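These numbers come from the heavy atoms of this one structure, side chains and all, not from hydrogens, waters or symmetry mates. Small disclaimer: the values here were computed from a predicted structure and weren't measured.
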Amino acid sequence: MPPSLIRVWDLPVRVLHWAMAASVIGAWASIWWAHTWHERAGYAALAALALRTLWCCRGSRAGRPSHFVPGPRATWQYLQALRAGRERRYLSHNPLGAWMALLLWALVGATGFTGWLYTTDAFWGMAWLDQLHQALAWSFVVAVPLHLAGVLFTSLRHRENLVAAMVTGRKRLGRDRV
């Protein structure tokens, strides 16, 4: 008999997660061949981030940063337990995953904002802004593989498909921290 499943992430959280991921990939891919699409994808990422931020106040408990982002002490304790192979399974984000989510959101926001600034009359052609925008964009090259590695590691470690959970919104119920 399959283990009981519980809804963790509601539909808006999941749709906005994948919309943000797709728009960041689209922005990254289109910079070399279609600048108009690059801007549109960047605005789509900003829109998804804005909606996700609004949904933080309205959505399910597991999708609220106030619920899933731990303090430094809890994060350090989780890291120690992880190194010892005794980390707890979390129904929502584990502490490292929570901080990664915030980092990715910050990168989307900062990269999108600097990209928008670059289109304004006041900042168009500013080399420092272009360099900052590029540096933020290249930060995704580091952050996204770390995010994916964390998803893969946690999926294997706890024998669950986190990608499928982010599609369906459901995870197996167990003796976990919510």
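- At least one side-chain heavy atom of T119 sits under 4.5 Å from a side-chain heavy atom of E39.
- Taking every heavy atom of both residues into account, S92 and W9 meet most closely at OG-NE1, 3.7 Å.
- The side-chain heavy atoms of W28 and V141, taken from C-beta on, include a pair separated by under 4.5 Å.
- A distance of 6.5 Å separates OG1 of T168 from CZ of R14, quoted to the nearest 0.5 Å.
- At least one side-chain heavy atom of V13 sits less than 4.5 Å from a side-chain heavy atom of R52.
- In this structure, the side chains of F140 and L104 come closer than 4.5 Å at one or more pairs of heavy atoms.
- Counting only heavy atoms from C-beta outward, the side chains of V69 and H93 never approach each other to under 4.5 Å.
- Listed by first then second residue, pairs satisfying ring pair (Phe, Tyr, Trp, His ring centres under 6.0 Å) with a partner in residues 145-165 number zero, not counting sequence neighbours.
- Here the side chain of T114 pairs a donor or acceptor atom with the backbone of T111 at under 3.5 angstrom.
- Between the side chain of S23 and the backbone N or O of M20 there is at least one donor-acceptor pair closer than 3.5 Å.
- Taking 4.5 Å as the limit, some side-chain heavy atom of C56 sits within range of a side-chain heavy atom of W105.
- Atoms CG and CZ, from L79 and R83 in turn, are 6.5 Å apart once rounded to the nearest 0.5 Å.
- Note on L46: it clusters hydrophobically with V144, by side-chain heavy-atom contacts below 4.5 Å among ILVMFWY residues.
- Within the 3.5 Å criterion, the main-chain N or O of L91 finds a donor-acceptor partner in the side chain of K171.
- Annotation: side chain of L107 is not in contact with side chain of V24 (no heavy-atom distance under 4.5 Å).
- Alongside L11, the hydrophobic cluster contains V15 (criterion: ILVMFWY side chains under 4.5 Å).
- Side-chain atoms of F123 and W116, non-hydrogen and from C-beta on, never get closer than 4.5 Å to each other.
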